Amino acid sequence: MSRPTDLVQGTLDLLLLKILALEALNGWAISQRLKHVSGDVLQVSDGSLYPALHKLEQEGWIASEWRASENNRRAKFYSLTRLGKRQLQKETESWMRLSGAITQVVRLEEA
Amino acid sequence: MRIEHWWYTLPLRVRSLFRRTRVEQELDEELQDHLEHKIAEFRAQGMDPEQARRAAMRSMDGLTQRKEECRDARGVNLVDNTVRDVRYSLRVLAKSPGFTLVAVATLALAIGANSVVFGVLNALILRPLDVPRAESFYGIQRTDEHFGGQSYPDYVDLRDRNSSFEGLAAYGFGQAAVDMGDSPSRSWLEELSGNYFDVMGIQPYLGRFFHASDEHGPNSAPYIVLSYDYWHTRFADDRGVVGRVVRLNKHPYTIIGVTPPEFHGTLLFFYPDFYVPMVNQEQIDGVAWLDVRTNRPIFTAMGHLKPGVSIDQAEADLNSIGVWLAANYPKADPLVRYTLVRPGLYGDFLGRPVRAFVAALMLLASLILIAACANLGSLFAARAADRGREVALRLALGAGRGRILSQYFTESLLIALMGGVAGMFGSVALLRALSVWRPLDRFPIHIPLHPDASVYAMAILLAVVSGLLFGIVPVRQVLRADPYQVVKAGMTVTVGRRVSVRDLLLVVQVAICAVLVTASMVAVRGMTRSLHADYGFDPNNALLVSTDLTMAGYSTDRAPAMQKRMLDAVKTLQGVGSVALINPPPLDQAWRSAPVFRDDTADLSPSKAAWRSMEFAMSPEYLRTAGTALLAGRNITEHDDNGAPRVAVVNREFARRMFGGEAAAPGRYFKLSKGSRVLVVGVVEDGKYTSLTEAPKPAMFFPITQSPNSETWLVVRAQRDSTQLARTIRARMHELDPGLPVFLQTWEGDLQGALFPSRVATVALGIMGILGAMLAVTGIFGMAAYSVSKRLRELGIRMALGARRKQVLEAGLGRALKLLACGSIVGIGLGLLSTQVLSAIVYEADATPRDPVVLAEVVLTMLALGLLATWIPAHRALSLDPIRLLREE
């Protein structure tokens with residue numbers, strides 16, 4: 001497995017929050033989902049996923065809970081909290097602004 | 001928002017702190033789960049199990065590091081690390097118990113000393129008086145060259161004419177014989193204005209208080225309010241005591257109430273037994289002074305300022321009354337200035353010396369703490385140097401310098417806290433003990449030092465600050481440590497040509513100690529001088545019998561006859577050399593003074609007085625009995641009585657000032673404020689009258705028959721054991737009048753009061769000096785021992801090469817001794833400066849450090865301390881066996 005593509009700082013948080021906003025998932029499922037939704041463009045190292053999750057949990061944006069997974073094994077499921085929803089909204093907005101600005105800059109005609 | 005944040009996160013943190021294993025287990029489980037999915041994925045791609053497992057592990061980029069990241073994300077590493085640091089530090093400290101003990105003990109002493117002095121400062125100066133609304137409570141100080149008291153008529157004018165105080169109360173002291181049916185005993189009381197309790201705003205613990213409405217002229221309010229302590233000890237908490245009648249100086253008084261336990265008047269040191277209305281003062285004092293403007297028996301007039309009135313406004317208000325008083329009563333009231341003061345220490349009279357002394361002590365105590373920090377700082381620096389290899393190893397293994405420093409600080413803070421807590425408990429115990437101590441037999445004096453929360457807080461604060469202070473010393477060493485060099489070459493001992501931090505610390509420490517030793521030497525020397533000073537009388541082997549005839553119901557005009565009977569009764573006792581009357585004895589707290597005028601002065605208002613002179617009344621035998629030498633003229637005789645012209649014996653200082661010399665004085669006249677001309681018949685030597693350190697004061701001795709007083713002191717010159725004689729005298733007095741309470745003590749005992757301030761100063765400074773000396777010894781010892789131990793190998797080689805003992809000693813200890821000398825010189829220099837200030841406070845002008853004896857003592861002491869401290873290291877250096885040493889290394 002290659003090194004993760006350098007994500008714009010903070011984007012991993014945004015991606016995780018977005019994924020968890022759709023449904024509560026465990027770590028493995030989150031990593032699979034990340035791969036599916038972003039194709040091969042965004043690769044997150046399996047190693048850096050968990051510290052990121054723990055950090056989000058400490059911020060109070062996501063909550064965790066142990067329950068049985070699809071194959072009936074005990075797994076830690078993460079879900080978005082109310083605080084997390086607010087945070088997601090904020091980060092989405094600032095992402096939109098940032099990407100919009102960058103798109104505009106990139107589209108500038110060279111003189 | 002914040003609250004919601006905590007709502008989600010707090011349980012997590014608590015959990016990760018207190019359910020560590022569980023949380024760790026879950027982390028394992030979570031990552032394991034992921035790993036297994038990953039392995040399954042790789043297996044599905046066709047890898048064999050082992051390959052798949054390794055690939056999966058690789059995909060995690062290092063499982064352990066990820067776990068540590070997760071732990072960091074949990075944010076409890078700080079707590080965790082601290083706990084770990086504390087544990088590790090405790091282990092390290094336990095490994096070198098000697099070092100730990102010395103360090104903790106050093107700090108305990110230093111912090112203890114500081115916290116004791118702070119306790120005193122806090123109790124006597126910082127803490128407001130224990131009365132309601134203490135912040136607006138002020139006393140009026142009459143700024144007179146001599147004494148701050150008020151006369152009763154002046155007090156009434158101040159009370160009624162001022163517009164600044166809500167109410168003005170007054171109190172004075174008195175003694176009375178209390179007769180509760182058994183034999184009368186002498187008690188201390190306070191005479192209070194009727195409005196006193198209402199002005200203070202204090203409620204009775206039991207019964208009621210008296211009020212202004214109870215006053216209807218002289219002797220109209222025979223009421224007693226007991227202090228809680230007196231009620232507790234004398235009446236065994238009997239609540240039925242209210243309404244009981246007891247006899248004060250033979251007059252019936254009704255007990256009407258008890259004050260609350262914490263109240264004992266407004267003078268911090270003084271604990272009266274009970275309180276009586278001031279209007280009844282004649283029955284207590286024997287003389288009436290309620291309408292006498294020239295007599296100032298009121299100790300302090302005081303009250304709460306009205307809201308919104310500033311100190312300046314109030315003083316201006318009072319001073320305008322002062323101008324009015326001086327204009328209307330020029331004979332009695334010179335123009336004086338009134339100032340507002342805190343009444344707890346009697347304004348500036350006690351307040352100034354106490355404040356100065358406590359400030360000086362605080363300074364010395366903080367010096368001790370600084371010396372202790374320097375001491376520990378160099379110890380820690382030495383340890384850090386010894387642990388260079390450990391530090392290097394940890395650095396090489398990837399520990400951050402921050403982590404290493406935080407571990408060092410944990411160690412120093414631990415030591416500091418242990419020392420601080422020990423010092424705190426020690427000082428609190430000492431303060432408590434001092435609070436119950438009653439230093440002078442005759443007076444109900446306590447030093448209320450009860451420690452409060454601020455004392456505890458101060459001790460802990462000092463501990464933390466000093467922990468950081470001496471913890472900071474090795475920081476540079478750690479920051480500059482180069483693990484590569486250390487691991488490669490071992491710890492290099494730089495046998496310094498350079499001046500190191502540690503050298504500086506030692507010099508600082510020795511200097512401070514020299515200052516402390518100098519200060520205490522000056523104090524001790526001053527004390528010994530005081531003790532051997534010429535008092536102008538011989539207190540050895542003499543007894544003082546004191547009583548107040550008012551207490552047994554004698555009026556002032558009946559007093560002389562009774563005093564004559566007492567003299568005659570004692571004179572015939574076996575073992576009595578001679579006996580005389582003196583009122584008051586010199587150096588007793590009851591001293592009096594009066595303005596005197598030149599014979600040609602016509603206007604006898606106070607401002608025209610030549611000066612004030614100490615005033616005594618004596619019987620003809622006094623000079624012989626006291627051992628006071630007559631220098632010129634004659635003594636007074638029995639014939640200088642009421643009918644004869646007024647005469648006096650004056651002291652040399654009086655004669656010098658008034659008449660230009662002792663020979664010129666006899667036969668000349670001076671005047672007293674009431675207009676009487678006094679003929680000087682003789683001149684006696686100067687003596688000490690109010691304190692041992694005073695400059696020569698003028699004094700006059702009148703025949704006691706010409707100025708009768710019910711207060712009575714007999715001086716008895718004993719020819720044999722005075723304790724036995726005391727018993728016979730007491731029995732004889734009882735035969736004379738069983739109702740007369742008599743107080744007997746040796747004359748030396750009576751001097752304790754006069755000696756008390758310098759005794760306290762000597763003890764306090766002496767303790768500081770001893771602490772300083774101890775710190776010097778441990779500091780020099782530490783330094784010398786360390787430098788010898790670091791250079792053992794070098795010394796061994798030198799010895800093997802044939803160095804002589806002197807050279808070895810020089811190599812091993814030369815530096816320590818040089819530093820010692822530097823520090824001592826600096827310290828003695830500073831000591832000379834600082835004690836100049838100190839001795840001005842404590843001894844006015846007596847023993848200055850320029851005194852060659854003091855200087856010699858300090859130099860000898862520092863030398864002795866240096867020898868003592870370097871003895872063991874020197875011994876160690878000399879007893880080296882070079883062969884064995886070289887083999888071991």
Side-chain angles (χ1 to χ4, degrees), chain A residues 1-6 12-13 16-17 20 25-36 43-87 89-90, chain B residues 1-17 19 22-42 44-45 47 52-79:
Chain A
M1 193 151 229
S2 60
R3 306 282 310 169
T5 312
D6 282 341
L12 181 57
D13 289 357
L16 290 175
L17 288 175
L20 290 175
L25 291 170
N26 64 23
W28 172 253
I30 295 172
S31 75
Q32 297 306 103
R33 189 65 57 88
L34 263 177
K35 236 177 263 172
H36 288 149
Q43 288 189 8
V44 177
S45 131
D46 295 21
S48 42
L49 175 63
Y50 289 93
L53 282 172
H54 282 240
K55 206 194 92 207
L56 293 182
E57 191 181 9
Q58 285 305 319
E59 296 287 352
W61 296 334
I62 61 177
S64 67
E65 171 185 28
W66 287 86
R67 59 171 195 248
S69 66
E70 67 281 8
N71 51 6
N72 259 343
R73 284 191 11 210
R74 236 167 70 83
K76 197 176 179 186
F77 279 80
Y78 293 92
S79 59
L80 213 59
T81 63
R82 249 160 45 92
L83 272 182
K85 277 183 195 135
R86 230 176 285 160
Q87 182 66 19
Q89 206 178 344
K90 242 168 50 188
Chain B
M1 174 69 196
R2 282 320 291 173
I3 293 177
E4 200 175 352
H5 176 81
W6 286 112
W7 169 261
Y8 286 118
T9 58
L10 200 62
L12 282 173
R13 298 206 176 191
V14 171
R15 203 160 164 265
S16 15
L17 257 185
R19 315 235 8 221
R22 184 71 203 272
V23 172
E24 279 294 303
Q25 210 182 329
E26 285 182 6
L27 179 61
D28 265 356
E29 211 176 311
E30 188 179 16
L31 292 176
Q32 198 60 41
D33 183 57
H34 185 96
L35 215 55
E36 274 166 27
H37 275 107
K38 201 81 192 171
I39 294 172
E41 199 182 73
F42 284 127
Q45 288 172 15
M47 295 188 184
R53 204 185 60 78
R54 277 167 53 188
M57 289 290 270
R58 258 204 311 281
S59 78
M60 296 296 283
D61 266 348
L63 202 56
T64 323
Q65 278 91 331
R66 294 302 153 211
K67 276 191 191 168
E68 186 66 16
E69 276 179 44
C70 290
R71 285 184 206 117
D72 272 344
R74 283 212 302 268
V76 289
N77 256 2
L78 184 69
V79 182

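Chain letters run A, B, ... following the sequence lines, proteins first and then strands; every chain starts at 1. The shown structure was predicted, so the numbers you read here are calculated from the model rather than taken from an experiment.
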Quick one: do L31(B) and L35(B) satisfy side-chain contact (heavy atoms from CB on, under 4.5 Å)? Show the steps, please.
-> CA-CA 6 Å; L31(B) 292 176; L35(B) 215 55; over 6 Å; no
Just give me the residue among E29(B), E36(B), R58(B) that pairs up with chain A most often, heavy atom to heavy atom, under 4.5 Å.
-> E29(B)
Honestly, the part of S64(A) sitting under 4.5 Å from a heavy atom of chain B is neither
In terms of heavy-atom pairs under 4.5 Å with chain B, the winner among K55(A), E59(A), Q32(A), R74(A) is E59(A)
Give a yes or no on whether a salt bridge exists between K76(A) and D33(B), defined as a side-chain N under 4.0 angstrom from a carboxylate O.
-> no
Just by distance, with hydrogens left out, do E26(B) and W66(A) show a side-chain donor and acceptor under 3.5 Å apart?
-> yes
Can you tell which part of E57(A) gets under 4.5 Å to a heavy atom of chain B, answering side chain, backbone, both or neither?
-> both
Donor-acceptor pair, side chain of T81(A) and main chain of A63(A), under 3.5 angstrom | no
Contacts of H34(B) that satisfy ring-ring contact (aromatic ring centres under 6.0 Å, His included) - sequence neighbours left out | W28(A), Y50(A)
One option among P51(A), A52(A), A75(A) has the most heavy-atom pairs under 4.5 Å with chain B, and it is P51(A)
